[in-house]
Every structure is written in C-alpha cells, then in structure tokens.
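When reading the values below, keep in mind they use all heavy atoms of this one structure, side chains included, and skip hydrogens, waters and symmetry mates. The chains referred to below are lettered A, B, ... by the order of the sequence lines, with proteins before strands, and numbering in each begins at 1.
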Amino acid sequence: MSCAGDKPRRIVVIPPMPELPEIETVRRDLTDRILGRKIVRVEVLAPQIVEGDADAFASALAGRTIIRIDRLGKALIICLDGAVILVCHFRMTGQLYPVGEEPLPSHTRAAFTLDDGRTLVYRDARRLGRLEVVGDRAQSVILRNLGRDALEDSPSEDELAALLGKRRTAIKVFLLDQRHITGVGNIYASEILHRCGIHPEEPCLNLTRADVRCLIGTMQDVLSEAIGERGTTISDYVTGWGRVGDFQYRLRVYRRAGEACVREGCRGTVQRTVQAGRSTYYCPQCQERRRT
DNA sequence: GATAATGTTCGATC
DNA sequence: AGATCGAACATTAT
C-alpha cells in the first residue's frame, strides 16, 4: 500500500465485488445515490446480459422511478413504480454505479439515463452477469434457484441441521450451493469454515450439533463484519463511485496458501485445494476432519 | 504462454 | 429424485 500523500492516487474503478457483503455495500450506495430518480432512457449495448428480449427490457424500464432497492443473496433487486422490478446479478465482474455527464466507461453493457442528467452504468468485462425485468419476483429466472438469505433469513440450528441432513457432499460445496443458503461465496465460505475449525471436505452428515451452531453464528459474524468494512477488495484500487472495501485485511485463509495459520497457538500452514472447480483455503492443523 | 479469478447454469453420468 | 462432474460463458491480471 502506498503512503498517503506520496504518489498520486490512481483513479481506477474497482474490480467486481460479488458476494453478499459486497452486494449489500452496492445496495446501500445506490440507495443513497439514485433512490427517487427516474430512468428516462435505456441503452443495451450487449444484449446477451439481458434475460429475455433487450428491447422489451428497455421499454419496460423507460419512464419508471426507482422507489426501493432490495437484495437477496448476491442478487440486487431494484423496485420501480408500476410494479416493475429490475433484478441484477453481477456474477464475477459486474458493476452498477452512476456516472456524470462523461463518456461511458469501458465494458459498459447497459446504460440507464436518469432524470438528473447522470447515467446509471452497468459494466461487466466478462459479460457473465445478468439483468432482468419482471413484474413479480416469482417470475425471475435470476432469483428462482436462490435459497434463504444468509444474513436476513438465516436458518435456525434445527433448520440448518435439516438442510445438511444426510448429505455426503462436502460442507464447503454445500455453502457455495445457492439453492440452500444464498449469499456466501468462495471467499467467505473458506473464512467461515476456518473460524469454525471445520474441514472444508467434511461431509455435511458428519457435522456435530456444535458445528451447526458455530456455522450459523460465524456466518452472521463474518458477513456483518465484512459489510462493516464495505466488503472485500482484492487489489489496491481507488474508485470514483464509492470507497473500496477493507475486509481483505481481515481475511485469515483466503489466498494465503503457504502462510502460517493466524489462529492463536496454531502452528499450521494454510493449504490450497480445489473443490467443485473453485479454490479452497484452509489450515489442516486447526480444521481437522471429524471422526466418521 | 499458462493459470487463476469474489459465479451460475446446463447437460451427461452416475 | 438425488448427487456430481466438467464444460461453458468471456476477460483480465499475474
């Protein structure tokens, strides 16, 4: 990190921020900045990021006023007047933020001109994200597979125990499966399991009652803490639309392969493995396998 | 050039 | 009905 005042700060838009705390941060920012604004014009530059017909998408939003912004897991739900709902999922590289009267940034995939002259920009380098307009949440393709929100609708101990059930699937893979609980992604899954001392490969059915209790509490703690830090930003970018997050400084295992475990009294070394095609980070010393 | 990246969906194969 | 795995989507950074 550079020291304040030394080098000129680069103004670069921050990289994508896809898990629950990052989306919640965007939700709060956008609520502050665009609530009550009317969308006067919609331009779709990359039709594949829109679910359904891009022209229908654009005309459904034109003339609508933004009245509330909600979130379910990693999905942003922008409610407009006339029962119009804009559902957004950023996947890996999506971003949504207002800009002034200036040229659109690179990788702008959709642009919503607001009634105050600003433009709400959807950027997405990889074009993996999706935008969708529906009249009712139940119609949403983006929302249809999502389970309970990890923060606002967290399961009770009994409920999580029931969800884990007799599954043989690894607990880390379960946490990434958004059909059960939605909002926890690859960073926070590793962090939660490390804090609970649970091995990421542990089959769900082996978890004890104490493990279940720890998972629920730690999930709340980690997500809340991360929201308090405005999420995790990997890279030291500065942004023109909001500050970067700071939770990266609190990460204990994510991207720390080969480093000493930070748990007090633990002499282990953080390992990286791959589960379901995604990197998992854990400490073999303090995340021991349960006896079968 | 190879590899990995905070995500989801779909189809094939158990 | 499940689970499970790989591929696909597509670009950037290291």
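- Proximity of a side-chain donor or acceptor of A/Arg123 to a complementary backbone N or O of A/Ser106 within less than 3.5 Å is detected.
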### Message
If a pair means Watson-Crick or G-U wobble with both distances below 3.5 Å, what does DNA chain B look like in dot-bracket form, with | marking bases paired to a different strand?
### Response
.||||.||||||||
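- When the P atom of C/dA7 is taken as reference, atom CG of A/Leu128 falls 17 Å away, rounded to whole Å.
- Closest to the side chain of A/Arg91, from the set C/dT12, B/dT9, B/dA5, is B/dT9.
- Going from the P atom of B/dA5 to that of C/dG6 covers 16 Å, rounded to whole Å.
- Within the 3.5 Å criterion, the main-chain N or O of A/Thr65 finds a donor-acceptor partner in the side chain of A/Asp81.
- In this structure, the nucleotide among B/dA4, B/dT8, B/dC10 sitting nearest to the side chain of A/Lys74 is B/dT8.
- Among the heavy atoms of the strands lying under 4.0 Å from A/Arg167 are primed sugar atoms or P, OP1, OP2 only; no base atom is included.
- As judged by a 4.0 angstrom heavy-atom cut-off over every strand, A/Asn145 is placed among residues touching the sugar-phosphate backbone only.
- Contact between the side-chain N/O atoms of A/His89 and the OP1/OP2 oxygens of B/dT9 is not found at any separation under 4.0 Å.
- When heavy atoms are screened at a 4.0 angstrom cut-off, A/Arg272 is found touching the sugar-phosphate backbone but no base atom.
- If you measure from atom CZ of A/Phe90 to atom C1' of B/dG7, you get 13 Å, rounded to the nearest angstrom.
- If you measure from atom CD of A/Gln95 to atom P of C/dA10, you get 19 Å, rounded to the nearest angstrom.
- The CZ atom of A/Arg256 sits 19 Å away from the C1' atom of B/dA4 (whole-angstrom rounding).
- Put simply, A/Gln178 has a side-chain N or O that comes within less than 4.0 Å of OP1 or OP2 on B/dT8.
- On the P atoms, C/dA7 is 14 Å away from B/dT3, given to the nearest whole Å.
- Comparing B/dG7, C/dA10, C/dA3 by their closest approach to the side chain of A/Thr169 singles out C/dA3.
- Here A/Tyr254 reaches the OP1 or OP2 of B/dT6: one of its side-chain N or O atoms lies under 4.0 Å away.
- In this structure, CD1 of A/Ile142 is placed 12 Å from P of B/dC10, rounded to the nearest angstrom.
- At the phosphate of C/dA10, neither OP1 nor OP2 sits under 4.0 Å from any side-chain N or O atom of A/Thr93.
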